[in-house]
Amino acid sequence: PAEPTLVLRLKFLNDTERLARVRPGDTVGALKRTYFPGQEQQVRLIYQGQLLRDDAQSLAGLHLGHLSVLHCHLSPPNAAPTAPGTPSPRSPAPATLGMGSLALPLFVLLLALLWYLQLQHRHVFTATATTCLAGLTLLVTFVAFAMYRR
């Protein structure tokens, strides 16, 4: 007798779906070759939160049911994953200089100016203003360490 077929839902990151007709005896690799020809190395299949790494694993071994959802992630061809510890063949893109990257240095510069004014013109700064300046300096220090600690 003919082996029964299953219909699987292949769901992509952009929320599009594609139906795949497979047999339980098919392997993960056969599914990739059939529905992603030439892209087998770029496609990542995820079922119930687990990355399906073993292309030789049968679909029956995954206990897939009719209309089970396999999440699919397609990497660009030039971004194929490398082994851990292997340097990437592409060099990182240069960082763009935006307002986000300038915000912290500007705050530090502004705080330095305020502290200079506080030290040179103590009579203008009340105790409350000096306390607020110290608290703001502490807050910016914590943010700076948190940002550059990564």
Leu31, Leu51: one ILVMFWY side-chain cluster at the under-4.5 Å cut-off? no
Are the side chains of Pro24 and Leu6 in touch, meaning some heavy atoms are under 4.5 Å apart? yes
Same apolar cluster: Val7 and Leu59, side chain cutoff 4.5 Å: no
In this structure, would Trp115 and Leu110 fall into the same cluster of hydrophobic residues linked by side-chain contacts under 4.5 Å? yes
Would you call Lys32-Glu40 a salt bridge at under 4.0 Å N-O? no
Do Arg9 side-chain atoms and Ala20 backbone N/O form a donor-acceptor pair below 3.5 Å? no
Assess whether atom CZ of Phe107 is packed by more than 12 heavy atoms of other residues, nucleotides or ligands within 6.0 Å. no
Return yes if some donor-acceptor pair links the side-chain N/O of Arg44 with the main-chain N/O of Gln41 below 3.5 Å, else return no. yes
Beyond-backbone contact of Leu45 with Val28, side-chain heavy atoms, under 4.5 angstrom: yes
Measuring from atom CZ of Arg21 to atom OG1 of Thr34, what distance do you get when rounded to the nearest 0.5 angstrom? 14.0 Å
Using the side-chain contact (heavy atoms from CB on, under 4.5 Å) rule, pick out the option among Leu52, Leu10, Leu74 that qualifies with Val43. Leu74
As a quick check of understanding, evaluate side-chain contact (heavy atoms from CB on, under 4.5 Å) for Cys72 and Tyr35, giving each step before the final call. CA-CA 11 Å; Cys72 304; Tyr35 289 93; over 6 Å; no
Leu13 and His73: CA distance, side-chain angles, deciding distance, side-chain contact (heavy atoms from CB on, under 4.5 Å) verdict: CA-CA 7 Å; Leu13 292 176; His73 176 263; 3.2 Å; yes
In Å, rounded to the nearest 0.5 Å, how long is the span from OG1 of Thr130 to CZ of Arg122? 8.0 Å
If only side-chain N and O atoms count, and only distance matters, is there a donor-acceptor pair under 3.5 Å linking Gln57 with Thr27? no
Going only through I, L, V, M, F, W and Y residues with side-chain contacts under 4.5 Å, is there a path from Ile46 to Leu64? no
So with a 6.0 Å cut-off around CD of Gln50, is the heavy-atom count from everything else above 12? no
Apply the test side-chain contact (heavy atoms from CB on, under 4.5 Å) to residues Phe12 and His71: give CA-CA distance (whole Å), side-chain angles for both, the deciding distance (0.1 Å), then the verdict. CA-CA 6 Å; Phe12 297 88; His71 294 274; over 6 Å; no
Judged by atom type as modelled, is there a donor-acceptor pair below 3.5 Å linking the side chain of Thr141 to the main-chain atoms of Thr137? yes
Calculate, to the nearest 0.5 Å, the distance between atoms CD and CG belonging to Gln118 and Leu111 respectively. 12.5 Å
Which distance, rounded to the nearest 0.5 Å, do you find between the OG of Ser68 and the CG of Leu62? 9.5 Å
Got a second to check how far Leu119's CG is from Phe125's CZ, nearest 0.5 Å? 9.0 Å
Membership question, hydrophobic clusters at under 4.5 Å side-chain separation (ILVMFWY): are Val124 and Leu117 in the same one? yes
Working to the nearest 0.5 angstrom, can you tell me the gap between His63 NE2 and Gln48 CD? 9.5 Å
What's the verdict on side-chain contact (heavy atoms from CB on, under 4.5 Å) for Thr5 and Val22, showing C-alpha distance, side-chain angles and the deciding distance? CA-CA 5 Å; Thr5 61; Val22 296; over 6 Å; no
